[in-house]
Amino acid sequence: MTTTKTRDRLRIAIQKSGRMADVSQDLLARCGLKFRQSRDKLFCFGESMPIDLLLVRDDDIPGLIAQGVADLGIVGRNVLAEQTLAARANGEAAPGVELRPLNTSRCRLSIAVPQEMEYENPQQLQGLRIATSYPALLGDWLARNGVEAKVVFLAGSVEIAPRLGTADLICDLVSSGATLAANQLKEAVVLLDSEAVIAGPEEVPLDERGELRELLLRRIDGVIQVRESKLVMLHAARGAIETIRAILPNAQTPTLLPIEGSPDQVALQAVCYGAVTWTHLEDMKRAGASQLLVLPVEKILA
Ligand code: PRT
Ligand code: ZN
């Protein structure tokens, strides 16, 4: 059920504690949002803008969006995708859509098999028991591959199920792979590549929250762009500029400025979206650049 009540403050739900709590807080702080910490620490009033914070369990975020309690949420794609599939299976609307990938908290939802098993194709899983906290995503993959396996739902500690004999294999989140290795399991199939995302209702709210949502998303875009962006400054002869431009990684149109007293030379500055490596700098120097400077970018508003 969606609440139709109008509100003039935007509410964003993030994980209270856990793997995504700090990255979410950090992202909002970089967007210029400041919150008054409340004693119960579930609701934090926004002091710098009419945007308030709800601190909750990550699994509750899609539901809060669906109910209209939260206008946006920062959640793993794995959680959003699982709850979206589960809602569809129940004939309900999707709880929210992915508005922005955040390129952080990356992991994979994978099927992992015992180390001694040679995995070749989905048919091998026929009739086996698979432990998971993601029954909808796993069920969907099994159905798409025509495999009939028994899905054993476990809320946590999925990786020990094969050792306990309650399942033959597992379907769980993997990042470094250390947990699988420690449990004599190995990754066999990736079902979903996940990262933190901003989720929200597909429809933009018609009251003040609509504009606040767009403003916050624009700031988030800027913060994400800035993470990997660098300002490159250098001097070079006019004739070398084309070669140097081709070396600059993902550069916007550079600005060229005359240099007082050196009519043949120009100063170039360009924002590059992507890592600027030592190799890039050495290549530009070989192409005739001097006075090379790479600076971090703090804010971008395109
Ligand atoms: O209390 P609450 O319900 O809010 O938190 P939670 O315990 O359900 O979630 P949390 O904090 O563990 O994870 C939040 C989100 O972080 C997940 O939904 C993912 O989107 C993301 N994320 C990124 C991960 C991992 N990496 C991850 N490695 N979530 C869990 N893991 C676990 C995985 O389940 C396994 O047990 O880490 C283990 C594997 O890690 P490696 O490095 O050994 O492979
Ligand atoms: Zn959770």
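Since we're looking at a predicted model, the values are computed, not measured.
A distance of 9.0 Å separates CD of Glu116 from CG of Leu185, quoted to the nearest 0.5 Å. For the atom pair CD of Glu148 and CD of Gln126, the computed distance is 6.0 Å after rounding to the nearest 0.5 Å. In this structure, the separation between CG on Leu234 and CG on Leu292 is 5.0 Å, given to the nearest 0.5 Å. The line from CD of Gln225 to CD1 of Ile300 is 5.0 Å long, rounded to the nearest 0.5 Å. In this structure, the separation between CG on Leu192 and OH on Tyr134 is 9.5 Å, given to the nearest 0.5 Å. Separating the CD atom in Glu82 from the CG atom in Leu80 is a distance of 10.5 Å, to the nearest 0.5 Å.
A 4.5 Å side-chain heavy-atom check between Leu248 and Met284 finds at least one atom pair inside the cut-off. Taking the side chain as every heavy atom from C-beta outward, Phe43 and Leu53 never approach each other to under 4.5 Å. Side-chain contact between Arg213 and Pro201 is present, with heavy atoms from C-beta onward closer than 4.5 Å. Proximity of Leu216 to Leu212: side-chain heavy atoms (C-beta onward) are nowhere separated by under 4.5 Å. Two residues are said to be in side-chain contact when any heavy atoms from C-beta on lie closer than 4.5 Å; Met20 and Asp58 fail this criterion. Residues Gln83 and Asp59 have side chains in contact (heavy-atom distance under 4.5 Å, counting atoms from C-beta outward). With a 4.5 Å cut-off on side-chain heavy atoms, Leu102 and Ile220 count as touching. With a 4.5 Å cut-off on side-chain heavy atoms, Leu154 and Thr132 do not count as touching.
A 6.0 Å sphere centred on CD of Glu211 holds no more than 12 heavy atoms belonging to other residues, nucleotides or ligands. Summarising the local packing, CG of Leu164 is surrounded by more than 12 heavy atoms from other residues, nucleotides or ligands at distances under 6.0 Å. Residue-environment remark: CD (Glu203) stays at or below the threshold of 12 foreign heavy atoms within 6.0 Å. In Lys186, the NZ atom is crowded: over 12 heavy atoms of neighbouring residues, nucleotides or ligands sit closer than 6.0 Å. Within 6.0 Å of CZ on Arg163 lie more than 12 heavy atoms contributed by other residues, nucleotides or ligands. Residue-environment remark: CD (Glu298) stays at or below the threshold of 12 foreign heavy atoms within 6.0 Å. Other residues, nucleotides and ligands contribute over 12 non-hydrogen atoms within 6.0 Å of the CD atom of Gln123.
Under a 3.5 Å cut-off, the side chain of Asp207 and the backbone N or O of Arg7 do form a donor-acceptor pair. At distances below 3.5 Å, at least one donor-acceptor pair connects side-chain atoms of Ser194 with backbone N or O atoms of Asn78. Of the possible donor and acceptor atoms, none in the side chain of Arg238 sits under 3.5 Å from a partner among the backbone N and O of Val266. Not one N or O on the side chain of Arg100 forms a donor-acceptor pair closer than 3.5 Å with the backbone of Ile198. Under a 3.5 Å cut-off, the side chain of Gln269 and the backbone N or O of Thr255 do not form any donor-acceptor pair. A donor-acceptor distance shorter than 3.5 angstrom exists from the side chain of Ser48 to the backbone of Gly32, with no hydrogens or angles considered.
Between Gln252 and Ala270 the shortest heavy-atom distance is O-CB, 4.2 Å. Heavy atoms only, all atoms of each residue included: Ala149 and Leu125 are closest at CB-O, 3.7 Å. Closest heavy-atom contact between Ala237 and Gln265: N-NE2, 3.5 Å. Of all the heavy atoms in Pro101 and Ile224, the pair that sits closest is O-CD1, 3.7 Å. When every heavy atom of Ser176 is checked against every heavy atom of Ala178, the shortest pair comes out as OG-N, 3.1 Å. Heavy atoms only, all atoms of each residue included: Tyr119 and Gln124 are closest at C-OE1, 3.4 Å.
Between Arg129 and Asp168, at least one side-chain N (NZ, or NE/NH1/NH2) sits under 4.0 Å from a carboxylate O, which counts as a salt bridge. Salt-bridge annotation for Glu47 and Lys34: absent, with no side-chain N of the basic residue lying under 4.0 Å from a carboxylate O of the acidic one. Salt-bridge check for Arg218 with Asp221: failed, with every basic side-chain N at 4.0 Å or more from each acidic carboxylate O.
Two different hydrophobic clusters hold Val189 and Leu180 under the rule that ILVMFWY side chains link at heavy-atom gaps under 4.5 Å. Under the 4.5 Å side-chain heavy-atom criterion for Ile, Leu, Val, Met, Phe, Trp and Tyr, Trp278 and Val276 are members of the same hydrophobic cluster. Hydrophobic clustering of Ile, Leu, Val, Met, Phe, Trp and Tyr side chains at less than 4.5 Å, counting indirect connections, unites Leu231 with Val226. Under a hydrophobic clustering in which Ile, Leu, Val, Met, Phe, Trp and Tyr are joined whenever their side-chain heavy atoms come within less than 4.5 Å, directly or via other members, Met49 and Leu99 fall into the same cluster. One hydrophobic cluster, built from ILVMFWY side chains closer than 4.5 Å, cannot hold both Val204 and Leu215; they sit in different ones.
Each of Leu109, Val158, Leu138 was scored for a side chain to side chain contact (heavy atoms under 4.5 Å, CB included) with Ser133, with one residue passing: Val158. Arg209 pairs with exactly one of Asp71, Asp52, Asp8 by the salt bridge (Lys or Arg N to Asp or Glu O under 4.0 Å) rule, that one being Asp71.
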Inset, instruction - Applying side chain to side chain contact (heavy atoms under 4.5 Å, CB included), run through Ile74 and Ile12 and close with a yes or a no. - result: CA-CA 8 Å; Ile74 301 179; Ile12 174 157; 4.3 Å; yes
Legend entry - Criterion side chain to side chain contact (heavy atoms under 4.5 Å, CB included) on Leu72 and Ile65, from CA distance to verdict: CA-CA 7 Å; Leu72 290 174; Ile65 294 169; over 6 Å; no
Inset, instruction - For side chain to side chain contact (heavy atoms under 4.5 Å, CB included), just list the numbers for Cys171 and Ile111, CA-CA rounded to whole Å, side-chain angles, deciding distance to a tenth of an Å, and then say yes or no. - result: CA-CA 4 Å; Cys171 171; Ile111 291 178; 4.2 Å; yes
Legend entry - Stepwise side chain to side chain contact (heavy atoms under 4.5 Å, CB included) check, Arg227 with Asn103: CA-CA 10 Å; Arg227 265 198 223 133; Asn103 192 19; 4.1 Å; yes
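Among residue pairs with one or both ends in residues 19-28, those qualifying as side chain to side chain donor-acceptor pair (under 3.5 Å) are Asp26-Arg30; sequence neighbours excluded.
In summary, the side chains of Glu187 and Ser110 do present a donor paired with an acceptor at a separation below 3.5 Å, with no hydrogens or angles considered.
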